[in-house]
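Below: the structure, in structure tokens.
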Amino acid sequence: MPRLVALICMILAPLALAACESPPVNRDASKPLTVAARVDLERYLGRWYEVARFPNSFERDCFAVTATYSRNRDGSVGVMNRCRKGGVDGPEEIADGTATVVDGVSNAKLSVTFFWPFSGDYWVLEVSQDYQWALVGEPSGRFLWILSRSPQLDGGTRASLIGKLKAQGYNTDALYWTPQPAA
């Protein structure tokens, strides 16, 4: 029995350390971080394309990233993240998770779990009126995503979103623009 415990610890220790790898803070904390006044979760459901992100360990070597949100029977939100490893045509990896609303007034603050008992903040900073783009971050300034209902954004929308992120104190020079297949 002690050998089995030691073997399990040897396997889990590197995984736990990798999960704790923390990206740099890319946000000026002296600027207040605001979230969307109200997120209509029913309109938010569906597929989103990751247009840009702050680099992080769990998306290393990911291309053509999408996130699909659905309503679970218990009222939580199902999360299915897909990425292609190594290129837009590479093998697909899928991560399934669950999100729960932690701020029922705005529905803009959620907690997402992919591997229990670990969870992370998922804050909808802003979403367009037509739910065609969304800015998603969290309080530490280590994670940030620009999401869109289409694989690419036009130059004007992209510039506008960069301006919105800068106003919230984000270092937008740190963004990685996620390659997506041609539309």
Side-chain angles (χ1 to χ4, degrees), residues 16-39 44 47-69 79 81-88 90 93 95 97 99 101-103 106-115 118-181 183:
L17 288 174
C20 294
E21 182 182 326
S22 189
V25 173
N26 281 303
R27 188 178 169 280
D28 178 355
S30 70
K31 295 191 178 185
L33 183 61
T34 60
V35 297
R38 181 84 180 130
V39 175
Y44 198 83
R47 175 175 287 170
W48 291 89
Y49 293 87
E50 179 187 274
V51 175
R53 68 176 179 255
F54 280 162
N56 60 67
S57 62
F58 53 87
E59 287 186 282
R60 188 171 288 128
D61 201 30
C62 276
F63 298 78
V65 178
T66 62
T68 304
Y69 304 103
V79 180
N81 289 346
R82 297 174 184 258
C83 94
R84 299 283 183 167
K85 285 297 203 174
V88 295
E93 283 193 1
V101 174
V102 295
D103 174 8
S106 69
N107 286 337
K109 294 180 180 179
L110 296 96
S111 177
V112 179
T113 301
F114 286 97
F115 307 104
F118 304 103
S119 66
D121 292 316
Y122 180 105
W123 289 12
V124 181
L125 307 176
E126 192 166 344
V127 63
S128 66
Q129 280 190 311
D130 60 1
Y131 283 72
Q132 292 303 300
W133 57 258
L135 303 174
V136 176
E138 48 71 60
S140 78
R142 295 179 189 280
F143 300 98
L144 178 68
W145 293 270
I146 298 176
L147 305 178
S148 174
R149 295 293 189 177
S150 59
Q152 284 86 27
L153 291 173
D154 65 74
T157 302
R158 182 174 164 160
S160 173
L161 298 180
I162 294 294
K164 291 173 184 295
L165 292 170
K166 285 182 178 180
Q168 291 234 36
Y170 283 100
N171 170 13
T172 58
D173 292 338
L175 283 168
Y176 168 77
W177 296 90
T178 309
Q180 294 283 353

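From a predicted model like this one, the values you see are computed outputs, not experimental measurements.
- Taking the ring centroids of Tyr176 and Phe54, they lie at or beyond the 6.0 Å cut-off.
- Separation of atoms CG (Leu144) and CD (Gln168) is listed at 9.5 Å; rounding is to 0.5 Å.
- Rounding to the nearest 0.5 Å gives a distance of 6.0 Å between CD of Glu126 and CG of Leu135.
- Ala36 and Ala108 get closest at one heavy-atom pair: O-CB, 3.5 Å.
- Seen from the ring of Trp48, Arg149 counts as a face-on cation partner, given the 6.0 Å and 45° thresholds.
- Scanning all heavy atoms of the two residues, the minimum distance from Thr34 to Leu125 falls at O-CD2, 3.5 Å.
- The OH atom of Tyr170 lies 13.0 Å from the CG atom of Leu161; values are rounded to the nearest 0.5 Å.
- Between Arg82 and Glu93, no side-chain nitrogen of the basic residue sits less than 4.0 Å from a carboxylate oxygen of the acidic one, so the salt-bridge criterion is not met.
- Annotation: Phe143 is in aromatic contact with Phe58 [ring centroid separation under 6.0 Å].
- Around atom NZ of Lys166, no more than 12 heavy atoms belonging to other residues, nucleotides or ligands sit under 6.0 Å away.
- Atom CG of Asp103 and atom OG of Ser111 lie 12.5 Å apart (nearest 0.5 Å).
- Here CZ of Arg158 is found 8.5 Å from CG of Leu175. Values are rounded to the nearest 0.5 Å.
- Side-chain atoms of Trp145 and Glu138 form no donor-acceptor pair, as typed in the model, at a separation below 3.5 Å.
- Of the N and O atoms on the side chains of Ser148 and Gln132, not one donor lies less than 3.5 Å from an acceptor on the other residue.
- Asp28 contributes atom CG, which lies 11.5 Å from atom CG of Leu33 (distance to the nearest 0.5 angstrom).
- Side-chain contact between Val136 and Tyr122 is present, with heavy atoms from C-beta onward closer than 4.5 Å.
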